[in-house]
Visitor: 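Sharing a structure, written as C-alpha cells. Questions coming.
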Amino acid sequence: MIPTEKHAYQLLHDGALAFADVEQNGMRVDVPYLDKTIAQTDRKIKHLTKRLRDSKFFAEWRRIFGQKTNMGSREQLGHVLFTFMGLECKHRTPTGKPKVDEGVLEGIDVPEVQKYLQIEKLKKARSTYLQGIKREVCGEFIHPFFNLNLARSYRSSSDHPNFQNMPIRNKQMGKLIRSCFIPRKGHRIVELDYSGIEVRIAACYHQDSNMLGYIHDPKSDMHRDMAQQIYFLTKKQMTKEIRFCAKSYFVFAQFYGDYYLNCAKSLWDTIDRDKLKLADGTPMKEHLRSKGITELGACDRDESPVPGTFEHHLKFVEHDFWKNRFKEYDQWKWDWWNEYCATGEFQMLTGFRVHGDYTKKQVINYPIQGSAFHCLLWSLTQLNHWLKRKKMRSCIVGQIHDSIVADVYESELDDYLGMANEISTKKIRKHWPWIITPLEIEVEATGINQSWFTKKQIEIPT
DNA sequence: TACTTCGGCGCC
DNA sequence: AAAGGGCGCCGAAGTA
C-alpha cells in the first residue's frame, strides 16, 4: 500500500486524539521538592551574585554603565570585555553585534566571567524550568501540550511547559530538574526510545547501499568508523567519548547540512573542553601531532585550508563521506531537491504532500524528520489505544520526538514492554511496508516511586 | 503597560 | 554555491 494524503490525515487525526489523552494524563510532580529547590536555587543565585557584585571587575562595569548597570545583560558584559578591556572580539551575531555566548565566554580567562556563567546557568534552571514547571502545576500534576500543527517539519512541539527540552546532558542541571518528576504511587517512569530512527528512516528514502549495510550489520558501526577516520585511530584506541564526538559534531552535523569548517572547529574545540584521550591515555592533541596535525587552521571560508591542519583533514573526510562512503545518499539529495524544484512539491513516505517555498536543506531534512516522528506518533497512538482497551493503570504521559514517556504500574511492566516492542518494531512495518530497515527500541526505567532523573536502561523481556 | 525583536540556551 | 535541520521560553532592550 502506498500511503495517500487520506491516510496522512488519519494519522494526525488519531494522533491528536491520543495526544489529548496524554495531556489529560499529565506528569506527576514532586511539589515539596520543587518548592524546596526553587528556594535553594534562589539562595545560590543571590550568594553568587553578591560575590560578583563585590568584585573589582564589577566596579568597572558599574563605572561604565552607571544607573543603567544590569548584571543580567550580556550586551553590557560584552561591552566591558571588548570595548573597555580591549579583548579581541572574534565572533559576531548575524546583526553584527559581538557574540557573548557560553562558547565565547568560556574562552575568556577572567575569574569573574566564569562566575557570571555559573550564575546564568542557575538562572536558566530557575526561570525556564523550576518556575516554568511550578507555574503549570495543577494538584500535583503538569499537563504539557503536545501540538501537531506548529512545526514546519511535520514534527510535534510542546509547550506550557515545554516537555521536550528538560535538561539531561548537563548532569548537575539534569538532576536538579528531572528530580521534579515522579511516577504515580506504585509506578515507574518508563521511557522508550527508537534507536537511530532518523538514520533508518533516511535510508528508506535514499536507500544508499553502504548505509543499509551499516544498519543491517550489527557488528558495523558508522560513528565508530567515522571517529577512526577523523582522529586517525585503530579500533583499540577508540573510546565511547571519542565516538560520541564524531557522532554529534561530524555525522549528524553533516546530515543536517553542515560543512567541514564548522565541523572541524567544534571537533577541535571539544578536544580541550572534554580533555579527550585515547584508550591508552594518550592526549588526543599529542596523538594528532604524531600524525602530522598540529593546528586547527584559520577556518576562514575565504582561504583554502593549509595541509597539516585539522581543517584541511576534515575537508578530505567530508569529501570522502559524501563522494565515496555515502555517494548514493549524496545523489539522492540532489535528485530529491531537483524534483522539488521541477514540481514545487515533495511527498513524504507517510503520505504528506508538501508544497510551498522551502530551502534545499528544508526539502532534504523535513521528509526525514517528519516521517521519523510519524513512526513515533503511530506507535504512541496504537499503544495508547491498547492501554485503554485493556483498562490498564499504566498511561502515557509524554513524548519527545523519538521517545515515549509512560507512567507504568509495577505489575504491568512486562506486558507494557512486550506490547510496546511489538507495536513499535513489528506492527508498524506491517502497516508501512515502505519501512525497509529494521527498527529497534531501547528502554529506560526508574525504580518504583523514583524520580525521572534516576532512570536506567533495562532489558526488554522476550 | 503591551508588544516585538534579538540573542541565548535547553532538548531531539 | 553556501556554509547547522526542528522546536519553546527566557531576559534585555527598544518602540508604541
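To find a chain, count down the sequence lines: A is the first, B the second, and so on, and within it residues start at 1. Computed over heavy atoms, backbone and side chain alike; hydrogens, waters and symmetry mates excluded. What you see is a predicted model; the values in this text were computed from it and never measured.
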Visitor: Of the options C:dG5, B:dC12, C:dG8, whose atoms approach the side-chain atoms of A:H401 most closely?
Guide: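 Comparing C:dG5, B:dC12, C:dG8 against the side chain of A:H401, the answer is B:dC12.
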Visitor: Looking only at non-hydrogen atoms, find the nearest pair between A:T425 and A:E440 and report the distance.
Guide: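 The answer is CG2-CA, 4.0 Å.
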Visitor: Which listed nucleotide (C:dC9, C:dA1, C:dG5) is nearest to the side chain of A:W334?
Guide: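 Nearest to the side chain of A:W334 among the choices is C:dA1.
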Visitor: Check this for me: does the side-chain of A:Q369 come within 3.5 Å of the base of C:dG5 through a donor and an acceptor?
Guide: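 Counting by modelled atom types and ignoring angles, a donor-acceptor contact under 3.5 Å is found here.
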Visitor: For A:K360, does the NZ atom sit with more than 12 other heavy atoms under 6.0 Å from it, leaving out its own atoms?
Guide: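 Yes, NZ of A:K360 has more than 12 neighbouring heavy atoms, counting only those of other groups under 6.0 Å.
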Visitor: Taking the side chain of A:R152 as its heavy atoms from C-beta onward, which of C:dC7, B:dG10, B:dG8 lies nearest to it?
Guide: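 It is C:dC7.
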Visitor: Report which part of the nucleic acid A:E198 touches: base, sugar-phosphate, or nothing (heavy-atom distance under 4.0 Å, all strands).
Guide: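 Counting heavy atoms under 4.0 Å across all strands, no contact is made by A:E198.
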Visitor: Would you kindly give the CD-to-P distance between A:Q254 and C:dA3, to the nearest whole Å?
Guide: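 Atom CD in A:Q254 sits about 15 Å away from atom P in C:dA3.
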Visitor: Report which part of the nucleic acid A:L261 touches: base, sugar-phosphate, or nothing (heavy-atom distance under 4.0 Å, all strands).
Guide: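 If one applies the 4.0 Å heavy-atom cut-off, A:L261 turns out to touch nothing in the nucleic acid.
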Visitor: Would the distance check show the side chain of A:D407 and the main-chain N or O of A:P183 forming a donor-acceptor pair, the cut-off being under 3.5 Å?
Guide: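 Not a single qualifying donor-acceptor pair exists.
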Visitor: C:dG8, B:dC11, C:dA3: which one has an atom nearest the side-chain heavy atoms of A:N162?
Guide: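 Nearest to the side chain of A:N162 among the choices is C:dG8.
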Visitor: Does the base of C:dC10 carry an N or O that pairs as donor and acceptor with the side chain of A:K124 under 3.5 Å?
Guide: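 Side chain to base: no pair below 3.5 Å.
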Visitor: When you compare the ring of A:Y256 with the six-membered ring of C:dG4's base, are the centres less than 5.5 Å apart and the planes under 30° from each other?
Guide: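 No; by the centre-distance and plane-angle rule, A:Y256 does not count as stacking on C:dG4.
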Visitor: Using a heavy-atom cut-off of 4.0 Å across all strands, would you classify A:I177 as base, sugar-phosphate, or nothing?
Guide: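 No contact.
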Visitor: Of A:Y259 and A:Y366, whose nearest nucleotide on DNA chain C comes first from the 5' end?
Guide: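 Nearest-nucleotide comparison on DNA chain C picks A:Y259.
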Visitor: If you measure only the distance, is there a donor-acceptor pair under 3.5 Å linking the side chains of A:W268 and A:E311?
Guide: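 No, no side-chain donor-acceptor contact under 3.5 Å.
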Visitor: Is the shortest side-chain N/O distance from A:N165 to OP1 or OP2 of C:dG8 below 4.0 Å?
Guide: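 Result: no.
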Visitor: When you get a sec, tell me which of C:dC10, B:dC12, B:dG8 is the closest nucleotide to the side chain of A:V100?
Guide: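 Of the options given, the side chain of A:V100 lies nearest B:dG8.
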Visitor: Select base, sugar-phosphate, or nothing to describe what A:A253 touches, counting heavy atoms under 4.0 Å on all strands.
Guide: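 Base: the residue A:A253, judged by heavy atoms under 4.0 Å, touches a nucleobase.
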Visitor: Would you say the side chains of A:Q207 and A:W332 form a donor-acceptor pair under 3.5 Å?
Guide: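 Not at all, the side chains of A:Q207 and A:W332 share no donor-acceptor pair under 3.5 Å.
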Visitor: Classify the nucleic acid contact of A:K360 as base, sugar-phosphate or nothing, counting any heavy atom under 4.0 Å across all strands shown.
Guide: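 Counting heavy atoms under 4.0 Å across all strands, no contact is made by A:K360.
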Visitor: When the ring centroid of A:F321 is compared with that of A:F250, is the distance short of 6.0 Å?
Guide: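 Yes - the distance between ring centres of A:F321 and A:F250 falls below the 6.0 Å cut-off.
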Visitor: Is A:S157 near enough to C:dG8 that one of its side-chain N or O atoms lies under 4.0 angstrom from OP1 or OP2?
Guide: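 Yes, A:S157 has a side-chain N/O under 4.0 Å of OP1/OP2 on C:dG8.
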Visitor: How many whole angstroms separate atom CE of A:M71 from atom C1' of C:dA12?
Guide: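 Result: 15 Å.
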Visitor: Atom CD1 of A:I133 to atom P of B:dG10: distance rounded to whole Å?
Guide: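 To the nearest whole Å, that distance equals 15 Å.
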Visitor: Remember a base hit wins even if backbone is also touched, and classify A:N365 as base, sugar-phosphate or nothing at under 4.0 Å, heavy atoms.
Guide: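 Here A:N365 touches the backbone only, sparing every base.
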Visitor: Report yes if the distance between the aromatic ring centroids of A:Y231 and A:H313 is under 6.0 Å, otherwise no.
Guide: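 No, they do not, as the ring centres are separated by 6.0 Å or more.
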Visitor: Is the shortest side-chain N/O distance from A:N70 to OP1 or OP2 of C:dA13 below 4.0 Å?
Guide: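 Result: yes.
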Visitor: Among B:dC12, B:dC9, C:dA3, which nucleotide has an atom closest to any side-chain atom of A:D402?
Guide: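 Output: B:dC12.
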Visitor: Rounding to a whole Å, what distance do you find between A:Y129:OH and C:dC9:P?
Guide: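 Result: 10 Å.
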Visitor: Among C:dG6, C:dA12, C:dA3, find the nucleotide with the atom closest to the side chain of A:S153.
Guide: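 The answer is C:dG6, which lies nearest to the side chain.
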Visitor: From B:dG8, B:dG10, C:dG8, pick the nucleotide closest to the side chain of A:K121?
Guide: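 Looking only at side-chain atoms, A:K121 lies closest to B:dG10.
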Visitor: Between A:R169 and B:dC9, is there a side-chain N or O to OP1/OP2 distance below 4.0 Å?
Guide: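 False: A:R169 side-chain N/O out of range (4.0 Å or more) of B:dC9 OP1/OP2.
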Visitor: Check this one for me: any side-chain N or O of A:Q164 less than 4.0 Å away from OP1 or OP2 of C:dG6?
Guide: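 No, no such contact exists.
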Visitor: With a 4.0 Å cut-off on heavy atoms, is A:I168 in touch with a base, just the backbone sugar-phosphate, or nothing at all?
Guide: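 Since only primed, P, OP1 and OP2 atoms lie under 4.0 Å of A:I168, the category is sugar-phosphate.
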Visitor: Select one nucleotide: of C:dG6, C:dC10, B:dC9, the one nearest the side-chain heavy atoms of A:S127.
Guide: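 Minimum distance to the A:S127 side chain belongs to C:dC10.
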Visitor: When the distance from NZ of A:K68 to P of C:dA13 is rounded to whole Å, what number comes out?
Guide: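 Taking atom P of C:dA13 as the reference, NZ of A:K68 is at 10 Å.
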Visitor: With a cut-off of less than 4.0 Å, is there a side-chain N or O of A:N262 near OP1 or OP2 of C:dA3?
Guide: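 Checking A:N262 against C:dA3: no side-chain N or O falls below 4.0 Å of OP1 or OP2.
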Visitor: Suppose you measure atom C1' in C:dG4 against the same atom in B:dG8; what distance do you get, rounded to whole Å?
Guide: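 16 Å, rounded to whole Å.
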Visitor: Is the shortest side-chain N/O distance from A:R74 to OP1 or OP2 of C:dA13 below 4.0 Å?
Guide: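 No, outside the criterion.
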Visitor: With respect to the side chain of A:D258, which nucleotide from C:dG8, C:dG4, C:dG6 is positioned closest?
Guide: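 So the side chain of A:D258 is nearest to C:dG4.
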Visitor: Could you tell me the separation between the CH2 atom of A:W322 and the P atom of C:dA3, rounded to a whole number of Å?
Guide: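 For the pair A:W322 CH2 and C:dA3 P, the rounded distance is 17 Å.
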Visitor: Tell me if the CG atom of A:D54 is crowded by more than 12 foreign heavy atoms within 6.0 Å.
Guide: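 Yes - once you tally the heavy atoms of other residues, nucleotides and ligands closer than 6.0 Å, there are more than 12.
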Visitor: Please give, in whole Å, the distance from C:dA2 P to A:Y260 OH?
Guide: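 Between P of C:dA2 and OH of A:Y260: 14 Å.
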Visitor: Across the strands shown, which category fits A:S158 at heavy-atom distances under 4.0 angstrom: base, sugar-phosphate, nothing?
Guide: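 The residue A:S158 makes sugar-phosphate contact but no base contact.
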Visitor: Whole-Å distance between C:dC10 P and A:E120 CD?
Guide: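 That distance rounds to 15 Å.
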Visitor: Classify the nucleic acid contact of A:R135 as base, sugar-phosphate or nothing, counting any heavy atom under 4.0 Å across all strands shown.
Guide: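 Counting heavy atoms under 4.0 Å across all strands, the contact made by A:R135 is with sugar-phosphate only.
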